[in-house]
Amino acid sequence: MTQPWMMWAPSVLGVIFFFAFGATVGSFINVVVYRVPKGLGIVRPASACPACVTTLTWRENFPILGWIALRGRCRFCKSPISPEYPIIETVVALLFAGLYALWYLDPALTRSLGVDPASIRPGWAAAGLARTWPIYVMHIALVGSLVAVTLIDARTFLIPISIPWFAAIVALVAHPLAAVWIAGRGGLRGGHDWTLMTFDSYSWTGLAAGAAAGLAIAVFLLNAGIIKHSFADYEEWEREAEAQAKNPSDQSSEADDAQQPMVVRLLLLTGPAMALMAVGFTVGMRIGEPMRAMLGGMALGLVIGLVLRARFGGATHGIGDPAFVRYPHARREMVREIVFLGPAIALGVFGFLITRGITAEPALWVKALTGSVVGLLAGGGVVWAVRILGSLAFGKEAMGLGDVHLMAAVGATLGWADAVIAFFIAPFIGIAWTIAAALARRGAGGTALPYGPHLAAATLVVLYAKPALEFALSMVMQRPIDLP
């Protein structure tokens with residue numbers, strides 16, 4: 001008779017393997033977080049102690065256990081090593097192993113723990129890791145990118161676009177290829193065509209293809225110098241601002257103006273948008289147009305929030321802000337970004353219209369690719385709309401382009417629905433963090449807020465707690481909500 005532990009051994013070994021793999025990726029993320037903001041290569045030179053510059057061997061670089069064995073000090077010069085390194089490695093290891101456990105743990109083992117496997121994993125994951133491993137790899141690529149973005153943005157207020165675009169490219173390649181491979185093995189289970197929201201009409205494929213072509217044309221025009229980069233003169237302005245700052249008599253007194261507490265400023269802007277997004281989604285579910293109604297509610301809420309923020313938000317920047325919030329030409333730069341988006345919007349509408357007459361149902365790989373591209377456009381588009389509207393209203397950069405690229409990568413991997421839900425959850429995380437930070441500092445702080453970490457945290461909530469979100473949405477809508 002087979003013992004239960006022998007049946008569960010593959011699942012346990014899987015958790016251990018992906019924990020170790022996650023720790024290794026976490027070690028690499030430590031390198032990325034340190035080197036990319038400095039413009040250094042991530043492969044060369046070899047890792048070395050920052051204090052004594054001695055090249056490290058594999059023993060010092062061994063994830064988690066290496067730091068413990070060294071007792072947190074360099075083996076050569078005895079300088080302290082930051083505990084941040086093993087912490088990041090452990091966090092990534094837990095995220096990778098946790099996703100494997102949620103999706104692929106043996107159902108008998110899950111039930112022995114008192115949990116129904118159907119309540120914690122998507123239906124398609126029942127096909128097993130052997131069939132769906134490309135999907136798992138695609139998702140952990142996104143998770144690793146989110147961790148790296150969070151750490152860099154929290155420190156520098158910048159998101160290197162190479163990181164989210166790594167995740168986006170992996171998704172854009174993996175979705176259609178995995179669909180071809182899995183379709184040849186009987187497809188997925190769970191009642192959904194694919195692992196993200198798909199479309200049965202070629203009109204959405206036409207929209208995705210047209211918008212993608214429009215973006216390619218815009219990039220070509222940008223590189224050819226026909227249209228200008230936004231914020232192209234920022235570095236020159238920053239040098240002039242630094243020179244002016246050395247003369248106290250020339251400094252603006254705007255930063256000394258009265259400021260509302262950060263949490264009040266954040267609520268003034270995001271509160272109406274969050275409330276009207278929820279109202280729009282509720283109404284949209286009842287009329288069969290949830291996305292349009294929700295986006296309409298969000299747009300109206302943003303307009304109201306922008307008015308409230310401009311009228312009651314206090315000073316436009318504070319002493320603790322980074323330099324970019326004082327750049328005086330943000331409105332002008334938004335016009336340039338609108339021009340950049342023009343070809344994508346025009347060709348996207350054109351592609352949608354000319355393919356509406358096609359009645360055939362797309363192949364699975366076409367659905368998967370279309371869903372990924374539409375997710376990229378929706379995830380990035382929502383944030384870009386907020387960036388443009390906010391910057392036009394406040395006269396300063398409201399959200400960074402890095403946030404746009406980040407949510408584009410989220411949409412490409414998880415689909416438009418998950419990206420929009422994550423964008424809806426992010427303000428709540430931002431408000432909670434702002435309150436905690438305000439209590440810890442007991443001061444107003446600056447007006448700028450690195451938003452990438454909140455978007456990343458919201459995405460992880462959607463990815464790891466989707467069944468709980470489905471339950472909450474079902475309660476609100478009073479009808480079953482089943483997301484891929």
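The first residue of the sequence shown is numbered 1, and numbering continues consecutively from there.
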Glu470 side chain vs Leu483 backbone, donor-acceptor pair below 3.5 Å: yes
Arg356 side-chain N/O to Ser203 backbone N/O, donor-acceptor pair under 3.5 Å: no
Step-by-step side-chain contact (heavy atoms from CB on, under 4.5 Å) determination, Trp365 to Leu177: CA-CA 7 Å; Trp365 74 268; Leu177 292 182; over 6 Å; no
Expected output: side-chain Arg111 to main-chain Asp116 donor-acceptor under 3.5 Å: no
Distance-minimising heavy-atom pair for His405 and Ile161: CD2-CG2, 3.2 Å
Side chain Thr24, main chain Ala20, donor-acceptor under 3.5 Å: yes
Proximity of His329 and Tyr327 rings by center, below 6.0 Å: yes
Residue pair Val366, Tyr202: steps toward the side-chain contact (heavy atoms from CB on, under 4.5 Å) verdict: CA-CA 9 Å; Val366 176; Tyr202 268 106; 4.2 Å; yes
Residues, nucleotides or ligands: over 12 heavy atoms within 6.0 Å of Phe21 CZ: no
Side-chain donor or acceptor of Thr459 paired with backbone N/O of Leu455 under 3.5 Å: yes
Separation of Leu129 CG from Leu105 CG (nearest 0.5 Å): 12.0 Å
Exam field: side chain His175 to backbone Thr413, donor-acceptor pair closer than 3.5 Å: yes
Of Leu146, Ile163, Asp153, the residue whose pairing with Leu406 passes side chain to side chain contact (heavy atoms under 4.5 Å, CB included): Leu146
Gap separating the CH2 atom of Trp103 from the CD1 atom of Ile135, nearest 0.5 angstrom: 7.5 Å
The single option from Asp403, Thr150, Leu401 passing side chain to side chain contact (heavy atoms under 4.5 Å, CB included) against Ile159: Asp403
Gap between atom OG of Ser230 and atom CZ of Arg336 - 0.5 Å precision: 8.0 Å
Residues, nucleotides or ligands: over 12 heavy atoms within 6.0 Å of Phe350 CZ: no
Heavy atoms from other residues, nucleotides or ligands near CH2 of Trp181 exceed 12 (cutoff 6.0 Å): yes
Over 12 foreign heavy atoms within 6.0 Å of CZ, Arg332: yes
Proximity of Tyr234 and Trp237 rings by center, below 6.0 Å: yes
Any donor-acceptor pair under 3.5 Å from Tyr464 side chain to Leu95 backbone: yes
side-chain contact (heavy atoms from CB on, under 4.5 Å) between Val147 and Val33, worked out: CA-CA 9 Å; Val147 174; Val33 169; over 6 Å; no
Step-by-step ring-ring contact (aromatic ring centres under 6.0 Å, His included) determination, Tyr451 to His454: CA-CA 5 Å; Tyr451 207 55; His454 308 312; 5.8 Å; yes
Arg35 side-chain N/O to Gly41 backbone N/O, donor-acceptor pair under 3.5 Å: yes
Short side-chain to backbone donor-acceptor contact, Ser11 and Asp106, under 3.5 Å: yes
Nearest heavy atoms of Met334 and Ile388, plus distance in Å: SD-CA, 3.7 Å
Derivation of the side-chain contact (heavy atoms from CB on, under 4.5 Å) call for Leu463 and Leu414: CA-CA 8 Å; Leu463 181 59; Leu414 305 183; 4.1 Å; yes
ring-ring contact (aromatic ring centres under 6.0 Å, His included) between Tyr136 and Phe18, worked out: CA-CA 11 Å; Tyr136 175 79; Phe18 285 110; 4.8 Å; yes
CH2 on Trp165 to OG on Ser145, rounded to 0.5 Å: 12.5 Å
